[in-house]
Structures are given as structure tokens and as C-alpha cells.
Amino acid sequence: MAEKYDHHELERRWQDRWDSDALYRSEVDWDRPKHYALTMLPYTSGDLHIGHWYAMVPSDARARLMRMKGYNVLFPMGFDAFGLPAENAAIKSGVHPATWTWANIERMREQLRTMGTMFDWEREAISCDPSYYVWTEWLFRRLYEGGLAYRGEAIVNWSPALQTVLANEQVIDGKDERTGAPVEQRKMEQWFFAITKYAEELLDFSAIDWAEPVKVMQANWIGRSEGADVVFTTEGGDQIPVFTTRPDTLWGATFMVLAPEHDLVDALTSDDQRVAVDEYREVAGSRSEIERMEVDREKTGVFTGGYALNPVNGAKIPVWIADYVLLSYGSGAIMAVPAHDERDFAFARAMDLPVVSVIHPEGADPLDGETMTESYVGPGVMVNSGPIDGVETTDAKGRENPSVAATLDWLEGNGLGTEAVNYRMRDWLISRQRYWGAPIPMLYREDGTIEPEQNLPVILPEDLVVTGGASPLTTDEAFLAATDSDGEPATRETDTMDTFMCSSWYHYRYLSPGFGAGPFDPEEAAYWLPVDVYTGGAEHATMHLLYTRFFTKALRDLGVFDETAAVMESHGRDPTGLFDEPMLMSRNQGQILGEERTGDRLVIAGQWRGDRLVAESVRVDDDAPLDAAPVVGELLKHDDDSLQVATTNGVVTVEIPDDAAIEIPGAEGPSELSALRAHVAIQRMSKSRGNVVNPDELVERYGADTVRTHLMFAFDWEKGGPWDSHGIVGSRRFVDDVWKLATTQYEPTTVSQDSSAALRRLVHQTIQKVDRDMTAFKWNTAVAALMTLRNRMLDERTSREVSTEAWDEAVSILLLLLAPIAPHITEELWHRGGNVASIHLAAWPEADAAVATEPMVTLVVQVNGKVRDRIEVAPDIDEETATAAAMASERIQAYLEHGEVRKVIARPPGLVNIVIN
RNA sequence: GCCGGGAUGGCGGAAUGGAAGACGCGGCGGACUCAAAAUCCGCUGGGCGCAAGCCCGUGUGGGUUCGAAUCCCACUCCCGGUACCA
């Protein structure tokens with residue numbers, strides 16, 4: 001009797017053995033092709049959740065695949081260890097952020113170990129370790145010296161709750177993207193990275209194979225628009241530059257609007273308007289970002305009393321201020337063309353300002369500015385527009401639009417404006433008024449100038465108490481007191497860096513985490529860079545994934561890779577283009593959601609229609625008595641427009657019409673059907689909802705190999721979906737079956753050559769499929785193919801007709817193909833099968849195409865596109881023979897009697913379609 | 001509003017112009033068992049039929065094609081991103 005499969009003992013034993021054998025240690029070897037596999041490093045929250053497994057396990061499997069394919073694979077891991085949660089934990093429990101963080105790292109290392117990944121722990125890098133952040137500081141200094149880091153005043157996002165500023169990328173709907181804390185606009189002096197200098201290059205994705213949605217999100221975020229810069233002049237002679245994407249409508253500009261914070265507002269404001277202007281500016285300044293962004297908000301604004309001259313026709317137009325114009329976009333001032341811009345139109349009507357149409361819409365009456373009820377944007381012919389009268393205008397953008405092109409040429413010819421490109425993206429705000437981060441290594445000197453700290457690292461003092469108010473660095477005399485390059489006393493910068501700065505370059509630190517002479521060892525970098533495959537969450541599309549691209553390009557231009565390039569060349573590797581992008585290929589997993597919920601008690605009132613109840617009102621009320629009228633029951637399932645509800649009298653189908661009243665106590669947003677569906681269905685996992693799936697428990701119960709297999713099998717990896725706690729047993733059965741197949745003695749009774757060949761055929765087809773699917777990150781179908789092979793082998797084990805050779809080959813290939821997915825059990829069975837070396841050092845099997853070829857294939861015979869018969873034929877059958885065989889079929893003959901053959905489409909060997917009338 | 005992705009059995013999902021529903025879960029029936037679990041065998045999109053078989057079926061409506069889940073047009077809903085961006 002074969003030994004039972006005990007995942008506990010087996011998995012621990014192999015993890016220990018791999019450690020002691022240093023199986024996953026990767027070393028530079030210029031004689032072998034390299035492969036740098038990377039998965040996003042976790043934040044040190046203290047608990048590895050199922051999402052980490054879901055992200056990391058396929059990444060590990062892919063790295064293992066590449067290794068078996070002969071690559072020298074580097075697959076490192078580390079920790080993103082600075083950040084606010086550590087400070088929050090400190091405030092809550094009195095533990096120092098450092099203590100909290102290092103304890104969490106300890107715990108997470110243990111959890112990561114149970115995954116059975118091939119991480120090379122000798123490459124581990126931790127961003128809060130001084131040996132790491134000294135180089136974060138050093139890189140900041142290089143950026144500063146290279147003009148890419150600067151201190152400047154801008155309207156920034158300030159979070160009162162978090163007591164710090166945030167980057168634009170970290171603010172969503174006027175709230176902090178991580179905690180939801182509200183954000184205000186404040187004018188402050190802060191540290192920025194000049195990411196906008198790279199806007200154009202960041203829009204070029206031609207050198208990288210990244211997931212399409214991420215590229216689209218980045219392009220949208222960068223937000224390139226083409227247009228013109230045009231300068232308006234005030235009566236006082238001040239210049240007001242504006243950016244416009246529609247310079248062709250310049251002749252329709254009837255007023256100007258400046259952002260309330262615009263520098264020229266004071267100069268423009270007339271005495272009699274000063275009170276109103278100041279009042280408006282005060283109100284606008286106190287409005288939160290959320291209020292300011294509210295859709296459909298009434299337009300507000302105030303006339304400054306000043307006028308400006310339209311450069312194209314000298315028209316004198318009033319200058320207003322309004323908060324719908326943002327200081328941070330373009331020049332913070334616009335020319336308003338109410339006839340052809342929705343916002344300007346709303347403002348003009350609200351303030352009773354003139355509207356002049358300059359586009360005569362295609363196939364319609366000319367527009368009259370006085371009577372128009374909405375702005376017009378669309379094709380037509382330019383009118384009232386001096387030199388461009390009669391020019392056609394289209395829906396195209398920029399120079400593609402004839403009217404825009406004509407205007408640009410005219411403006412430039414007359415020196416009145418220039419063609420210009422504007423970007424939505426702003427410079428990356430990297431200073432944070434927090435303690436637990438990498439210090440910004442800058443000094444404020446007594447003469448008022450600033451200079452970088454020469455003696456790095458600036459150590460973050462660990463004897464401070466974090467209270468949640470202002471950062472303790474701001475009051476720590478020992479930290480503040482510094483000496484500048486002239487030996488004079490200076491004050492240290494107390495802001496720390498955005499943690500995205502730390503994670504922008506961690507893939508370089510991994511190469512040589514102990515290296516003391518630079519951020520990374522050029523000898524290592526020359527071999528391993530760039531990252532070949534990167535995996536992680538798409539939610540980082542406009543944050544980490546954008547920042548790290550910028551960072552790499554900036555370091556390249558600052559010469560940080562120069563030495564690395566020289567080493568590459570000395571080994572005959574051409575460095576051209578290798579430092580343009582950090583990661584050549586990137587794939588993003590979806591999100592694992594909480595398990596679908598059932599069991600909410602619903603109180604439903606409505607009309608019976610047959611055996612269905614058409615609801616008039618639905619209320620979620622878990623305390624309702626079950627006998628209340630007319631229907632109270634627990635939700636079983638839901639459909640697009642109906643629910644299955646279990647009542648004391650059985651299951652009732654409830655139809656929910658659009659006008660049904662739906663009440664969900666405690667739910668956010670309007671109580672509609674979609675809200676009801678969202679409420680009862682899929683939910684994000686969170687501790688407060690109590691639907692968190694704990695991987696440690698799953699590993700204990702089913703084993704890491706099963707958890708790994710299931711995570712890869714149960715979802716479309718790039719899509720994710722709700723967790724289903726029942727499904728995992730199927731993956732465990734599969735793993736059990738593999739154990740059985742490989743440990744029970746196989747002896748054939750009577751060997752059938754046909755059966756043996758058929759098994760070999762499936763085995764080699766499985767190699768082809770698994771190889772293709774794993775390479776393409778199609779994990780679910782790769783596992784499905786292995787399950788199909790398992791099913792066949794279970795059958796063959798019963799019939800005992802295949803030869804021992806064919807059987808042994810099947811077992812060994814099953815193990816090899818499964819090794820990247822389930823590394824422990826395959827290793828164990830590999831050794832039990834008599835192999836001495838690790839299966840993870842074995843070569844990936846290669847399919848024998850000849851063996852994989854089917855001797856006979858099914859020819860589908862259709863009549864008028866409907867399948868009417870199937871015939872076994874040779875795979876190399878020609879059109880004529882296939883058609884003849886199809887026609888000869890008895891079943892087809894029966895159909896042919898009913899009509900005349902008009903046409904035959906033959907696609908041998910798969911299909912013949914006979915068209916009759 | 002704009003940009004992207006999506007809608008396929010009871011559920012997760014296969015199939016990217018040629019056999020819809022691979023693989024798995026669940027369900028049903030059976031075997032083993034004193035019994036249950038585990039395991040094993042069979043069935044499992046809907047409808048009609050004793051059966052051979054036939055009809056219907058990939059969100060909705062239209063179209064292209066010998067042939068459409070797949071391509072095109074219009075729409076509905078869901079998910080993600082973004083939003084007074086000039």
C-alpha cells in the first residue's frame with residue numbers, strides 16, 4: 001500500500017532542504033542567458049493576505065518555468081517598509097514604527113516561506129534599513145544636482161487627517177486613495193520631481209510589452225493635448241498667456257476667466273470690485289477639493305473690473321475670476337468662448353455675458369449667440385473669424401482639424417501665438433510632513449539658500465515618539481542641527497520622501513543589497529538589467545508603474561547607469577536602449593474579492609404574478625420576523641432582475657422592476673437595484689466585513705501546493721473574482737491524484753500499441769498546451785490541461801493497456817509540467833521516482849510534434865451551416881476527398897434529397913459545409 | 001460626461017470566424033459502509049421524443065458571412081480609470 005500524502009511534513013521538509021542547498025541562489029554567469037523576474041514587493045502591513053499569494057504565486061511559477069527552460073533566473077523579494085500605517089500603529093499601540101515594521105517583516109518572511117517560492121533571500125532589500133535609504137537619499141541628491149528635484153510653491157493636496165501633503169496620483173475624488181481621508185487645496189512650498197519633463201517620453205510605450213489597460217491609463221493620466229499658447233494683454237499692459245485646444249475659436253472669445261489664485265488678479269481688480277473679488281477668493285480658498293469637484297455645481301465667479309485685449313481682433317473683453325478655472329492646469333487663465341464650450345456657456349448665461357458664435361454648424365441654421373440654449377461643438381464652417389472665415393472645421397483634434405491648422409499658421413505668421421502642447425500630469429510632489437520615511441537630505445543655510453547634505457545617510461532618529469500631530473522631526477533639536485559645506489550651522493529639512501520614491505528603484509537595490517559604493521553594483525546590473533517580467537496590481541498604473549518608468553529614465557540621463565553600460569560592453573552586451581525602461585514585460589493580476597454572500601433577510605412587498613412575486617418594495621432587515629407579510633426570506637441567489645428567496649413556504653422567485661423601492665440600511669449611495677445586487681454579491685475583502693480569506697489557514701488545511709494550484713486554476717488571472725471556499729477541494733483532489741499516479745506501482749496486463757500511442761499523443765499535446773499557456777500567463781487553462789492528462793492517466797491505470805514506457809513517460813512529464821505550479825509534491829515524487837537532483841533543476845520537457853500529431857481527425861460535416869455528421873478522416877485529407885466523403889455520408893444523403901447542392905465549402909481536415917436550397 | 005474592459009449552464013470559467021460550454025465546483029443517481037465522511041462509477045444548458053434524432057441556446061435589437069460567443073452598427077447593464085484639464 002502506497003504511503004499517504006501528508007502535505008505538512010513534506011512541504012516543510014522541502015522548504016528546509018531548498019534553503020540548505022541554496023537551490024534558489026542566483027549568481028551572475030555571463031555564459032548563460034539571464035532572466036530577471038520580479039513581483040511587486042509587499043508593504044509591511046504584518047499579514048500576507050490571499051491577494052499577495054494570488055499576485056506572487058503565478059510570478060513564481062513563471063520564474064520556475066524560465067529556469068527549467070535554461071535561463072539563469074533572478075527572483076528576489078523585499079519589503080516596502082516606510083509609510084503611514086507604521087505611524088498609525090505607533091499612535092494606537094505605543095510601539096515605535098521601527099519596532100512594528102521589523103516585527104512585521106519577521107512574520108511576513110515566515111508566511112512567504114510557506115508559499116514555496118524560489119525567492120533568492122540573499123537579495124532581500126528593505127526600504128527602511130539605513131543601508132537602503134542612504135541610496136534613496138543619494139538618488140534624491142543626484143536628481144537635485146541634475147535639476148530634476150526642486151523646491152517650489154504650488155497649490156498642493158493637504159490632508160488634515162494625515163497631517164501631510166499628497167501627490168496628485170494619490171488623490172482620488174478629493175480623498176486620499178489609501179485611507180479616504182479628505183484633502184484640501186493649499187498653497188505650499190514643497191519638494192517636487194520634474195516628471196513632466198519626461199511627459200513625452202513616458203507616452204512612448206513602444207519598447208515595452210505591458211498590459212494594454214495600464215498603458216491607456218498612463219496615457220490618459222499624462223493627458224497630452226495639442227493647441228496654442230496665445231497672449232492676451234490687460235489694459236495695464238500685463239500679459240495673460242492662455243493655452244487653448246481650440247485657437248480657431250479665438251474670434252468667439254467674449255471674456256476671460258482667471259483662477260481665483262492667479263497672480264494678476266490683484267493688478268486687474270478695480271477699486272469698486274475689490275471687496276467682491278477678495279470675498280470670492282476667500283470663499284473659493286476655503287472650499288474643499290470635494291466641494292469644488294461636485295458635478296453640476298452652479299458656476300460662480302466675480303468680475304475683476306479689469307479688461308484685456310483679444311490679440312486677434314483687438315476686442316476689449318472683461319476679465320473675471322471663477323473657481324472652474326484651475327491654477328494648476330495650463331496657465332491658470334482661459335479665454336472663454338461660450339458659444340463653443342459647455343463650461344464657458346454655463347458661466348456666460350449665469351453671469352449674463354455675451355455669446356458670439358463663430359461656427360456655422362453643418363446642415364443647420366446659423367447659430368445666434370443670444371438665443372442659443374447650449375454650446376455647439378462639432379463640424380461646420382468658421383464664421384465671424386476674420387482671416388479664417390469660411391474654413392471648414394471638423395471633430396478632429398489639433399492640426400488634424402483644418403480650422404485649427406489654419407489658425408495656428410495664421411497666429412504664427414503674425415506673431416500672435418505659438419503651437420503648443422499641454423499635459424494634464426503635474427510634477428510629482430514627493431515631500432511628506434511625516435516621520436516614518438526616508439529623510440530628504442537637504443540643508444537650509446543661514447543665508448537663506450539651500451544645499452544638499454554631503455554626509456549621507458541622514459539617519460532617521462529612532463528615539464522619537466510619534467504622536468499623530470506634526471512630525472517629531474520638526475522639534476528634535478539633535479536632528480535639526482546640521483553643518484553646511486562651509487562649516488556654518490544650518491537647519492535640516494524635516495520632510496521625508498513619498499514611499500513611492502523608495503519603491504521606484506528597489507529592483508536595482510535587489511541586485512546587490514549589501515553594496516556600499518553605490519545604489520547597485522554595476523557588475524550585477526550589467527548582467528541582470530533590465531527586469532524581464534514584472535507582475536503586480538494594476539491599481540498602481542498611475543502611481544508606482546508611472547514613477548518607476550520616470551525614475552529609470554531620469555537615472556539614465558543623470559549617468560547613474562554609465563558604469564553599468566561600460567561593464568556590459570566589456571562582456572560584449574550592447575547597452576543601447578537597455579536603460580530606457582525598468583521592466584520590459586508587465587502583467588497585472590485582477591483582484592480576489594470576498595466570497596459571495598447569501599443569507600441576508602429580505603422583506604418584500606408586491607404582487608403575485610403566477611408563481612413569481614413582482615416586488616414593489618424590498619428592504620434588507622435581518623431582524624424581521626419570518627412570518628411577516630407578504631414575503632420574508634433569506635436570499636439564496638440573484639440574477640440580473642430577479643432574486644431567489646428562501647421562505648418558510650419554499651423558494652420564491654422575486655422579480656425586481658426598475659421602479660421598486662429598495663431600502664438597504666447602512667448602504668452608501670442611492671438604494672437601487674444595482675446597490676442591492678452589489679450589497680448581496682461580491683465584496684472587497686476587508687476586516688470590517690469579516691470576509692477576509694486567510695492563506696495561512698488554507699495552507700494548513702490543504703497544503704501550499706493545493707493553494708497555489710487553486711489560485712491559478714479558479715480564475716482568469718488578469719481578471720480575478722470572488723473567492724469560493726468550496727472550489728478548492730477540486731484542486732486538492734487533483735494534487736491527491738497526482739500523488740496516487742506517481743506512487744502506485746503500474747503494471748500492464750496486455751499492452752496495446754494503440755493505447756500506448758494515444759497516451760503518448762496526449763502527453764505531448766499537453767506539453768505543447770501547458771508551455772504555450774504558461775508563457776502567456778494563462779494559468780487556468782494550463783492547469784486544466786494537466787487535469788485532463790490526470791483524468792486520462794486514471795483511466796489508463798484502470799485499463800492497464802499502455803506500456804510501462806509510455807506510463808513512465810506520462811508520470812515524469814506530468815511532474816515536470818506541474819513543478820512550477822506545485823513545487824513541493826513534484827519534488828518529492830521526482831525523488832521517489834529515483835531522481836537524485838532537484839526537479840527544479842531539470843530541463844523543461846520538449847514536445848515531440850510527430851508524437852503529438854493525431855492519426856485521425858474528426859471532419860465536421862455541415863448542411864447549411866448546421867452540423868449533421870462527423871466522420872473520422874486522415875489529417876492530410878485534401879478538399880476533394882473530404883467533400884466526397886462528406887457527400888457519401890448516409891446522414892448527409894438524407895438532407896441532400898431535400899434540395900439541390902448550390903455550393904460546398906471544404907476546409908479540410910476539419911470541416912465541410914454543404915449549402916443546399 | 002470621457003477613456004478602457006466586460007456580459008457564455010446553478011457557480012468559476014473554456015472556445016477569437018468553423019463541433020458552444022474544455023477543466024473544476026455544485027447537483028442528481030448508483031457502488032462501498034451498520035452509518036457518515038472520504039473514495040469510486042454514471043448523468044448533468046433548456047425543450048420535444050420510447051428511440052434514432054429534432055428544435056432552441058453565448059446581455060438586447062439589427063447587419064456582414066456558406067458559417068458569428070467571436071467581425072460591424074445601435075442599445076442596456078456591470079466593472080475599472082478619470083473628470084469644470086480650457
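Quick note on labels: first sequence line is chain A, next is B, and so on, each numbered from 1.
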Margin query: By nearest atom, which of the nucleotides B:G81, B:C40, B:G4 is closest to the A:Met217 side chain?
Written below: B:G81
Notebook entry, point to check: Restricting to pairs with a member in residues 906-916 of chain A, which pass salt bridge (Lys or Arg N to Asp or Glu O under 4.0 Å), not counting sequence neighbours?
Noted result: none
Next item on the list: Name the residue closer to the 5' end of RNA chain B, choosing between A:Lys903 and A:Leu794 according to the nucleotide with the nearest heavy atom.
Entry: A:Leu794
Next item on the list: For A:Gln862, answer base if it contacts any base atom (sugar-phosphate contacts may also be present), sugar-phosphate if it contacts only those atoms, and nothing otherwise; contact means non-hydrogen atoms under 4.0 Å.
Entry: base
Notebook entry, point to check: A:Arg732 and A:Tyr702: side-chain donor and acceptor closer than 3.5 Å?
Noted result: no
Check: Got a minute to check which stems RNA chain B is part of, using Watson-Crick or G-U wobble pairs under 3.5 Å, three or more consecutive?
Finding: B:1-7 with B:76-82, B:10-12 with B:23-25, B:26-31 with B:39-44, B:45-48 with B:53-56, B:59-63 with B:71-75
Checklist line | Nearest listed nucleotide, side chain of A:Asp716, among B:A19, B:G13, B:C23 | finding: B:G13
Note to self: A side-chain contact here means heavy atoms from C-beta on lying under 4.5 Å apart; do A:Met774 and A:Ile821 qualify?
What the structure shows: yes
Next item on the list: With heavy atoms under 4.0 Å as the rule, sort A:Phe232 into base, sugar-phosphate or nothing.
Entry: nothing
Check: How would you label the contact of A:Ser225 with the nucleic acid (heavy atoms, under 4.0 Å): base, sugar-phosphate, or nothing?
Finding: sugar-phosphate
Next item on the list: Describe the nucleic acid contact of A:Gly720 in one word from base, sugar-phosphate, nothing, applying a heavy-atom distance below 4.0 Å.
Entry: sugar-phosphate
Checklist line | Nucleotide nearest A:Arg790 when distance is taken to its side chain, options B:G24, B:G18, B:C3 | finding: B:G24
Margin query: Need one value for A:Arg732: base, sugar-phosphate or nothing, where a base atom within 4.0 Å counts as base even if backbone is also close, heavy atoms only.
Written below: nothing
Notebook entry, point to check: Taking the side chain of A:Val867 as its heavy atoms from C-beta onward, which of B:C56, B:A20, B:C3 lies nearest to it?
Noted result: B:A20
Notebook entry, point to check: Looking only at atom types and distance, does a side-chain atom of A:Ser799 sit under 3.5 Å from a main-chain N or O of A:Asp795, one as donor and one as acceptor?
Noted result: yes
Next item on the list: By nearest nucleotide on RNA chain B, pick out whichever of A:Asn220 and A:Asp773 is the more 5' one.
Entry: A:Asn220
Notebook entry, point to check: Which residues pass the salt bridge (charged side-chain N to carboxylate O under 4.0 Å, His left out) test with A:Asp229, sequence neighbours left out?
Noted result: none
Next item on the list: Examine A:Phe715 together with A:Trp779 and report whether their ring centres are nearer than 6.0 Å.
Entry: no
Notebook entry, point to check: Hey, are A:Asp736 and A:Arg733 close enough for a salt bridge, meaning a charged N less than 4.0 Å from a carboxylate O?
Noted result: no
Next item on the list: For A:Arg891, answer base if it contacts any base atom (sugar-phosphate contacts may also be present), sugar-phosphate if it contacts only those atoms, and nothing otherwise; contact means non-hydrogen atoms under 4.0 Å.
Entry: sugar-phosphate
Next item on the list: Classify the nucleic acid contact of A:Asp341 as base, sugar-phosphate or nothing, counting any heavy atom under 4.0 Å across all strands shown.
Entry: nothing
Note to self: Heavy atoms only, 4.0 Å cut-off, all strands: where does A:Arg733 land among base, sugar-phosphate and nothing?
What the structure shows: sugar-phosphate
Next item on the list: Looking at every strand, decide which applies to A:Lys866 at a 4.0 Å heavy-atom threshold: base, sugar-phosphate, or nothing.
Entry: sugar-phosphate
Check: Considering only B:A14, B:A19, B:C25, which nucleotide approaches the side chain of A:Arg870 most closely?
Finding: B:A19
Next item on the list: With heavy atoms under 4.0 Å as the rule, sort A:Asp344 into base, sugar-phosphate or nothing.
Entry: nothing
